[in-house]
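First the structure, in the form of C-alpha cells, and then the observations on it.
What you see is a predicted model; the values in this text were computed from it and never measured.
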Amino acid sequence: MSHFADLLRASHLDGLPIPDELDAAWAWMEDHGHAIERDGRVSLTAYAGDRVLGIVFDTGLTIDGWFTDKTPDDKTLLPIAQADGTGSLVVLWNDRGTIRVGVLGSEGEKFLLAKTPLDLLRAVAVGHQELSMTTSGRPPLETASAVDDFRAWVQETYDVKVPASFTVRTRGDAFSRWVDRLIEGEPKPKPTHPVKGTQLSAADLGGEGAPLLELVGRTDAREAAVELLGVTGVDPNDLRDHGIQVFTFGDGPQPALGVTIYLQGEGAYPRPDALFEGFGPASEADDVRGVLGEPSSGDQHSLFYAWGTEDEYRIQMSFRPGKGLRSIGLNESQFF
C-alpha cells in the first residue's frame, strides 16, 4: 500500500511482516505530502514541513552498534523510526510471534513503547516531539497541533481514542529483559522449586476464575469485555455487583487490564466455591499453601504468587484470618 513499506520489504527481504496499521499510516503520510526521499532512502512524518516536530519513520536505519556477538536478524528486530534527535531507534520486535514495539535509546536505555502497532500510532498521534522516558507521562508541547490531522485519522480509522500523553514503564519490561539477555548472555538458571505453585498459570487454578485472570495484561478492552460476558454471563457494566473488579493500569496509549475477584462480603462473586479448584472462601492461607505450594512471599493475611513466564504479573490472595479467603487479584508485579 505504501512506498515506504515496499522499500522496507526490499531492504529486509526476510524481515518481519509489515503490520497493516503501519502500512496504512505510512500511506496516509505519503498521500499528505509528508515524505522526503533522498538516494533511495525515505523519511516520513505525521506532520507537514521540514522542521522535526515528532518521530521520523526512516527506511535507512540499522541496529548495528547496539549488539555485538548476537545481533538479532530482521525476523526478530526491525528498526523503523527515529524516536528522537539523538539516534534512538523505534523497532518492531517479534515477541514469540506477536509484533510489539520497543525503543533502543542512544544512551543505552531500552523500553517497551507499545504492545501493538496500533498503540504505536496512538503514541505518535499524541504529538510529542520525541518518544522517550523523559517525555513519558508528560503532556506534549504546543507543537502537538502539528499532528491534529493524523490524530483525527487514527481515531476515525480505528475507532480508538488518543490519550493526552503516552506512558511507558520505568522499570524492567519484557523487551528490556530480552535485550539484556542478548547483550549479557542468558542468566544462570534458577534452581527448580520442589513445590508446585510458585509460578502459577490458569491450569494451576482451574475453575471459573482462571479465564478471568487470563484477561490480565490485555489491551484490547472491547474484545476482553465480550469475553468477560461469555465467561460470567454478566453485563460488563454490572461486574462489580457480581464480585469482579476490572481496572486498567498504565495510562498511556496501551493501558492494560487488571482483575480482582471478591469471594466474601456484600457483592461477592455469586459462586465462590466454583471459582478455583481445591480452595475457596472458607480457605485460610495455610490451606492455599497446601494446594498451590509455597508463594513467592506472604503471611496469614496475604499470599503472593508469580504468574506466567515473564515474571511480569503477581497474584495477591487476601485473607481475613479465621474467616477465610476474601479476594484474589492479578496485577503488574511492580505494584506488589
Side-chain angles (χ1 to χ4, degrees), residues 1-2 4-5 16-35 44-48 53-55 57 80-81 90 92-93 95 97-102 112-128 131 135-137 139-140 143-169 211-212 214-240 244-259:
M1 181 182 293
S2 66
F4 186 94
L16 288 170
I18 303 300
D20 291 341
E21 298 92 338
L22 294 185
D23 199 358
W26 295 335
W28 182 93
M29 296 174 194
E30 291 171 354
D31 291 343
H32 285 73
H34 299 175
L44 289 178
T45 61
Y47 48 85
L53 302 175
I55 79 166
F57 293 97
I80 60 169
V90 176
L92 298 182
W93 172 44
D95 179 18
T98 299
I99 296 180
R100 307 195 190 281
V101 186
L112 184 68
L113 174 61
K115 290 187 175 181
T116 68
L118 178 55
D119 284 338
L120 169 62
L121 298 184
R122 295 173 67 209
V124 172
V126 170
H128 283 288
L131 295 177
T135 56
S136 172
T143 50
S145 59
V147 299
D148 283 352
D149 291 343
F150 180 72
R151 184 184 306 115
W153 177 81
V154 170
Q155 293 183 142
E156 293 170 5
T157 302
Y158 296 105
D159 192 22
V160 295
K161 291 184 178 180
V162 172
S165 64
F166 87 101
T167 302
V168 297
R169 290 177 59 173
L212 297 178
E214 285 195 307
L215 295 172
V216 169
R218 291 270 296 271
T219 59
D220 50 342
R222 291 187 177 186
E223 291 80 358
V226 173
E227 291 187 26
L228 273 171
L229 178 61
V231 170
T232 64
V234 178
D235 186 287
N237 295 320
D238 299 327
L239 287 173
R240 187 62 187 86
I244 303 168
Q245 181 181 6
V246 178
F247 53 91
T248 59
F249 49 84
D251 56 356
Q254 60 277 352
L257 295 180
V259 176

Once the angle between the rings of W26 and F4 is folded into 0 to 90°, is it parallel (under 30°), tilted (30 to 60°) or perpendicular (over 60°)?
tilted

On a heavy-atom basis, which atom in [X] and which in [Y] lie closest, and how many Å separate them?
X: P140; Y: A164; value: CD-O, 3.2 Å
X: P117; Y: I99; value: CD-O, 3.7 Å
X: A35; Y: E30; value: CB-CG, 4.5 Å
X: I18; Y: A5; value: CG2-CB, 4.3 Å

For a 4.5 angstrom cut-off between non-hydrogen side-chain atoms, does [X] reach [Y]?
X: R100; Y: L112; answer: yes
X: D149; Y: W28; answer: yes
X: L22; Y: L120; answer: yes
X: F150; Y: L121; answer: yes
X: V124; Y: I55; answer: yes
X: P19; Y: L92; answer: yes

Do you see a donor-acceptor pair shorter than 3.5 Å between the side chains of T116 and D119?
yes

Spacing of CH2 belonging to W153 relative to CE belonging to M29, to within rounding of 0.5 Å
7.5 Å

Salt bridge (charged side-chain N to carboxylate O under 4.0 Å, His left out) with D20: which residues, sequence neighbours excluded?
none

Are the side chain of [X] and the backbone of [Y] linked by a donor-acceptor contact shorter than 3.5 Å?
X: R151; Y: G127; result: no
X: Q155; Y: V162; result: yes
X: Y47; Y: L53; result: yes

